[in-house]
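One structure below.
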Amino acid sequence: MRGYHQRRDVRALMFDQIPLQRPQTPLLNTVNSGADLRALSEKQLPQLAAELREFLLYTVGQTGGHFGAGLGVVELTIALHYVFNTPEDRLVWDVGHQTYPHKILTGRREFMGTIRQMDGLAGFPKRSESPYDTFGVGHSSTSISAALGMALANRDLERPHKTVAIIGDGAMTAGMAFEALNHAAHTKADLLVVLNDNNMSISPNVGGLATYFSRIWASKFYTSLRESGKKVLESLPQARELARKAEEHMKGMVSPSTLFEELGFYYVGPIDGHDIPRLTHDLRNLSEIPGAKLLHVITQKGRGFGPAESDPVGYHALNKIEPKSRVKSAQPPVPEKLKYQDIFGRWLCQVAAEDRRLIGITPAMCEGSGMVEFSQRFPQRFHDVAIAEQHAVTLAAGLACEGFKPVVAIYSTFLQRAYDQLVHDVALQNLDVTFAIDRAGLVGEDGPTHSGCFDIAFMRCIPNLALAAPSDENECHQLLHSAYQYPGPAAVRYPRGTGPGETIQPDWQQLPVGKGRQILKGKTVALLNFGVLLPQAREVAERHGYALYDMRWIKPLDTELVLQACAQCDLLVTIEEGSIAGGAGAGAVEFLATQGLVKPVLLLGIPDQFIEHASRTQQLAAVGLTSAGIESAIKNRLSLLKPQRAVNI
């Protein structure tokens, strides 16, 4: 599952478990590169692991960020850099949440206090940040494909470098990982895959017997005996096949090796991923075996921090430590605003109680999408398909074919991975599937890998599909219902976090599809708002007497409202938290062009670039989507307009 979409508040933890002062780490302080690490004796590595874990606890407590996954791979990270000649040998990490220890060991220790902040370290591996970050990631299940490409390049260029892909058991559920495994064995490339199994998906087979066999399989004696046996039996096909089956069944009794062996991988494991001597021993031996290998390691997510060990999903990431004041405030507590994901979750349960046709589907985003209550109340109608976005969408299509009304909860950035299914399996057949698109727009510290900037552009061009963009919590609730009632594919996009605090009306108010509303009358400038930037747009409109429209629907576009706005202004301004290229504003311009109408238009949104990690407030300011930025852009554009260029319609 993608537990990293939940984030624990460190203020609720026992502070004696997270160091508030920088710990003393004399051995860790000597390590600034892979070469420094390899200069240590193997006996020093457990001390290094202890210092690294303590330093990681301290830094994440100071900055917030991904937590449990990094704690779980401290020993594995040390062993990989100790055995392999990094960065010449390539370590390719999957997803990247677990790479804080990797960053600390590779020259970025003193910069960890800037992680996920503007102009600071990225929260994921990033090629431009360090030569040790061999591949940029953020989405899952890419490591084996990328590492295979590097391994094939090494072979073609006759370079002796090794290539290692480190993938978690959750990421292994995606079809892309198995596509890469299948191709890797076919190419006979020199590739090592490390399967980091932290009990999130694959059931471990751990114990004395399993450890005993893993030692045998990774030993030089066994590998040489195995290869010699192949040669001896070469002329005896029946005996060779009998020996192969005997080995396969022996290993199958104590490990989940059969699948990987059938794919053509030489499998070793499972082994204890916190046992540094065992890790270094097996990694060395596997590095000398040619071809495709897979090392299965068992780790504990959140290792070394009690709450994270017992709740690995909830403690995947933390907010920074901000101790609560012991002085009680005389002010009454401010009620917490609902997150958009929780609004969706409440709506989902409410509709499911009334309509048995509703089926909830998510690709490993139950917690982050607000579906926990639904999964508990309606378990037979809930499907978490793991990290398999393509399957999630086509599964919904199949259900819709049989009269059900599936609702797919998915982040904007992950819907990109199911684009063909959205077009071919849902829209082309005009199937009644509702998409709840979470994390639309800028998402803050997770950066461009997780930003939902492109969904408007890639969905607006798809026939049959309706797309809504609510401006507040109540509109989100009502537009979800409108999309659900729409007899075809429909999507509602909403951002991460909370809204302006609008009260949700308990009764359904099905908003008409393709119709917006005028909020303020005005002159000179008309603002067409698409989505949650309405408060910023309203502030500007009220200050200058501009007309303001809440468009609600991106597709179908309320063309009557666009014409009305054009007739009353000299400058038409569109505002959206999505890419300007191909966005909602572009749709308004396209419509005007089809009508043969000329009007000065200012498109405000996310420019044609990836927006680097920072707080969402900082990101909005950087792209000019604050009230001050909108006001400045309008002022500049008006100054360029000559009176005769403004053509009234």
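Along the sequence shown, the residues carry numbers beginning at 1.
One distance of note links NZ of Lys43 with CD1 of Ile276; it measures 14.5 Å at 0.5 Å rounding. Taken from OG in Ser412 to CZ in Arg496, the straight-line distance is 13.5 Å, to the nearest 0.5 Å. The CG atom of Leu80 lies 6.5 Å from the OG1 atom of Thr77; values are rounded to the nearest 0.5 Å. Between the NE2 atom in His274 and the CD atom in Gln300 there is a gap of 5.5 Å [rounded to 0.5 Å]. From Leu71, atom CG reaches atom CG of Leu52 across 9.0 Å, with rounding to the nearest 0.5 Å. The CG atom of Leu45 sits 7.0 Å away from atom OG1 of Thr280, with the distance rounded to the nearest 0.5 Å.
Residues Arg159 and Glu88 are not paired through a salt bridge, judged by the lack of any N-O separation under 4.0 Å between the basic side chain and the carboxylate. A salt bridge does not link Arg22 with Glu54: every distance from a Lys NZ or Arg NE/NH1/NH2 to an Asp or Glu carboxylate oxygen is 4.0 Å or more. Ion pairing between a basic and an acidic side chain is recognised when a charged N comes within 4.0 Å of a carboxylate O; Lys126 and Glu612 show such pairing. Between Arg377 and Glu373 a salt bridge is recorded (basic side-chain N to carboxylate O distance below 4.0 Å).
In this model, a donor atom of one side chain and an acceptor atom of the other lie less than 3.5 Å apart for Thr394 and Asp425. Under the 3.5 Å distance criterion, with hydrogens and angles disregarded, no donor-acceptor pair is assigned to the side chains of Asp438 and Ser369. There is a side-chain donor-acceptor pair under 3.5 Å between Asp197 and His296.
In this structure Phe84 satisfies the ring pair (Phe, Tyr, Trp, His ring centres under 6.0 Å) test with no other residue, sequence neighbours excluded. With sequence neighbours excluded, no residue forms a ring pair (Phe, Tyr, Trp, His ring centres under 6.0 Å) with Phe435. Considering only residues two or more places apart in sequence or on other chains, Ser141 meets the side chain to side chain donor-acceptor pair (under 3.5 Å) condition with none of them. Scored by the side chain to side chain donor-acceptor pair (under 3.5 Å) test, Asn85 finds Arg38 as partners (sequence neighbours excluded). Scored by the side chain to side chain donor-acceptor pair (under 3.5 Å) test, Ser143 finds Asp94 as partners (sequence neighbours excluded).
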Q) Can you check side chain to side chain donor-acceptor pair (under 3.5 Å) on Thr299 and Asn196, steps first, answer last? A) CA-CA 7 Å; Thr299 62; Asn196 175 31; 2.5 Å; yes
Only distances under 3.5 Å count here; give the side-chain donor-acceptor pairs of residues 177-186 to other protein atoms, sequence neighbours excluded, each with its distance to 0.1 Å.
none

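The two residues Arg108 and Asp133 come nearest to each other via the heavy atoms NH1-OD2, 2.7 Å. The two residues Leu279 and Ala79 come nearest to each other via the heavy atoms CB-CB, 3.8 Å. Contact detail for Leu48 and Leu28: the closest heavy-atom pair is CD1-CA, 3.7 Å. Taking all atoms of both residues into account, the shortest heavy-atom contact from Val31 to Asp36 is CA-CB, 3.8 Å.
Shown here is Gln44, whose CD atom has more than 12 heavy atoms of other residues, nucleotides or ligands within 6.0 Å. The neighbour count for Arg127 CZ, taken as heavy atoms of other residues, nucleotides or ligands under 6.0 Å away, does not exceed 12.
Of the candidates His450, His139, Arg439, His139 is the only one forming a side-chain hydrogen bond (donor to acceptor under 3.5 Å, both in side chains) with Thr413.
By the 4.5 Å heavy-atom criterion applied to side chains, Asp89 and Thr163 are not counted as neighbours.
Between Tyr411 and Phe414, the angle of the ring planes stays under 30°, which puts this pair in the parallel group of the 30/60° scheme.
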